[in-house]
Number of protein chains: 2
Amino acid sequence: MSLRHALLGLLMEGPHTGYDLRGRFEQSLSRYAWHASHSHIYPELRKMTEDGLIEIVDEGARGSKTYGLTEHGAREFRDWMLTPIKDSPVRSEQTLRLFMLSALEVDEMRPLLDDVVTQAEAGIAELDAAIEHIDAATTSGDKPPFARFAAEFGLRYRQLQRDWALWAAGELDRYPTSDSDNPSA
Amino acid sequence: MSLRHALLGLLMEGPHTGYDLRGRFEQSLSRYAWHASHSHIYPELRKMTEDGLIEIVDEGARGSKTYGLTEHGAREFRDWMLTPIKDSPVRSEQTLRLFMLSALEVDEMRPLLDDVVTQAEAGIAELDAAIEHIDAATTSGDKPPFARFAAEFGLRYRQLQRDWALWAAGELDRYPTSDSDNPSA
DNA sequence: AAGCCCATGTAACTGGTTACATGATTCT
DNA sequence: AGAATCATGTAACCAGTTACATGGGCTT
């Protein structure tokens, strides 16, 4: 039921349209925390309305519907957040591949590790820009800038990917490659 | 089709029983890369056999079946590994919660961050022990110790969780809590 | 008026979970 | 004999994807 709780969480800060919520997923949630597509979000919003967790507070142009939390929904969200979970199952195809590296020949691993570094660095650049933007818009107020928290997590994760791949590539260098005893250059 | 490829990857190092494969998931894959339970693994192995990706190479005690890769399966695995993916969707309930922190009151966040630190530190201790074990068993041979690669990734991920939570808690300290203007101590 | 983005939805399918079910072997 | 672990499976259900489908409103 994580999609449901993710939607409740987004609505905690105020009413949003379905389209809006979908955008939130695309921008940040889908990348690091929880992926969802519109064809899953819209039906879920309908079910949540039926279950009394949210309600339509406005209907705008182009058939847009603005959803807001009901009291029940807000309570459900807080209950979920405050209930500890042991170890939640993770699914990341990228990480799975890293774990499966050993099934390749040593020579084939290097380009894959290089790809990880390249992609991670692109992500780092993107997040650096985002963080700069957030920091510039932040006036020292009474609430912390939470978008900054998520961005920081994303940044550190990308750095981890990069650093791990560089470390792994370094480890590979300590072992002979298939043509190291027959250097052609 | 990631479960399928995860199973192929595990079988790349040699034949295994279903029970054995399931154990591999429980130990490491499920925690950091890809979760799967036995009730999903067994039917998938049957389908993969039907599709000619793997085959039963032995049947042992207690009805156990040992599966091995076919040539087709090995090719399929390599194709999958060597085909680049752009950004694969991620799903982690734990990370989702971190992203949803802002929907709580500042005072409620701190215990959650403390939990993250505690759990991450338990994971670090576990992985430290695992790595020591791997290193002790490693004789400088011709192939790198790949279990070490996965363990290193897990370790760094746990450290990231801990460090981020500590950083976030520090950020919270810079903002007034609901009773900071009325200190009871 | 053409093209783009806004905005929502459905249908058929595949992926994955939870609970149920069974029996063999080993250890104490 | 009883408990734990090995070992595999099925059935009903829920979660999520892919492809299809539609139309309103805004900009040039």
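Only heavy atoms go into these numbers, but all of them, side chains included; no hydrogens, no water, no symmetry mates. Chain letters run A, B, ... following the sequence lines, proteins first and then strands; every chain starts at 1. All values derive from a computational prediction rather than experimental measurement.
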Enquirer: Starting at atom CD of Glu59(B), determine the distance to atom P of dG23(C), rounded to an integer number of angstrom.
Expert: 18 Å
Enquirer: Salt bridge between Arg174(B) and Glu171(B), side-chain N to carboxylate O under 4.0 Å?
Expert: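 Between Glu171(B) and Arg174(B) there is a salt bridge, with a charged N closer than 4.0 Å to a carboxylate O.
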Enquirer: Using a heavy-atom cut-off of under 4.0 Å over every strand shown, decide if Arg91(A) touches base, sugar-phosphate, or nothing.
Expert: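 Touches sugar-phosphate only.
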Enquirer: Do Arg78(B) and Leu8(B) pass the side-chain contact (heavy atoms from CB on, under 4.5 Å) test, and can you show the C-alpha distance, the side-chain angles, and the key distance before you say yes or no?
Expert: CA-CA 9 Å; Arg78(B) 280 177 42 83; Leu8(B) 289 174; over 6 Å; no
Enquirer: Rounded to the Å, how far apart are Arg4(B) CZ and dG15(C) P?
Expert: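 Whole-Å distance recorded here is 8 Å.
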Enquirer: What do you reckon, is NE2 of His72(B) surrounded by more than 12 foreign heavy atoms closer than 6.0 Å?
Expert: yes
Enquirer: Once the angle between the rings of His5(B) and Trp80(B) is folded into 0 to 90°, is it parallel (under 30°), tilted (30 to 60°) or perpendicular (over 60°)?
Expert: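 Because their plane-to-plane angle is under 30°, the rings of His5(B) and Trp80(B) count as parallel.
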Enquirer: Using a cut-off of strictly less than 4.0 Å between a heavy atom of the residue and any atom of DNA chain C, enumerate the qualifying residues of residues 33-53 of chain A by number.
Expert: His38(A), Ser39(A), Tyr42(A), Pro43(A)
Enquirer: If you count every heavy atom of other residues, nucleotides or ligands that lies below 6.0 Å from Glu71(A) atom CD, does the total exceed 12?
Expert: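 No.
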Enquirer: Tell me, yes or no, whether the heavy-atom count around Glu121(B) atom CD, taken from other residues, nucleotides or ligands under 6.0 Å, exceeds 12.
Expert: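 Yes, enclosed.
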Enquirer: Return the value, rounded to whole Å, for the distance between atom CZ of Arg62(A) and atom C1' of dG25(D).
Expert: 5 Å
Enquirer: For Met1(B) and dT17(D), give me the distance from atom CE to atom P, rounded to whole Å.
Expert: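 Spelled out: CE on Met1(B) to P on dT17(D) is 15 Å.
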Enquirer: Here's a test of your reading of the structure: between Ala61(B) and Pro89(B), which maps to the more 5' nucleotide of DNA chain D?
Expert: Ala61(B)
Enquirer: To the nearest Å, how far apart are Glu93(B) CD and dA15(D) C1'?
Expert: 13 Å
Enquirer: Looking at five pairs on each end of the helix from dA1(C)-dT28(D) to dT28(C)-dA1(D), what is the angle between the two axes, given to 10 degrees?
Expert: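 Taking five pairs per end, the axes differ by 30°.
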Enquirer: What is the distance, to the nearest angstrom, from the OH atom on Tyr19(B) to the C1' atom on dT26(C)?
Expert: 12 Å
Enquirer: Can you measure from NE2 (His16(B)) to CG (Leu10(B)) and round to the nearest 0.5 angstrom?
Expert: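 That separation rounds to 7.0 Å.
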Enquirer: Tell me the interatomic distance from Arg22(B), atom CZ, to dT17(C), atom P, rounded to whole angstroms.
Expert: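 One finds 14 Å between P of dT17(C) and CZ of Arg22(B), rounded.
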Enquirer: Among Val90(B), Leu160(B), Thr95(B), find the residue that satisfies the side-chain contact (heavy atoms from CB on, under 4.5 Å) test when tested with Tyr157(A).
Expert: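 Output: one option passes, namely Leu160(B).
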Enquirer: Hey, mind stepping through Arg158(B) and Gln161(B) against side-chain hydrogen bond (donor to acceptor under 3.5 Å, both in side chains) and telling me if it holds?
Expert: CA-CA 5 Å; Arg158(B) 292 299 204 178; Gln161(B) 288 184 317; 3.1 Å; yes
Enquirer: I want to verify a distance call: between dT8(D), dG16(D), dG9(C), whose nearest atom is closest to the Thr17(B) side chain?
Expert: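 Shortest atom-to-atom distance from the side chain points to dT8(D).
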Enquirer: Can you tell me how far P of dC6(D) sits from CG of Leu21(B), to the nearest Å?
Expert: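 For the pair Leu21(B) CG and dC6(D) P, the rounded distance is 15 Å.
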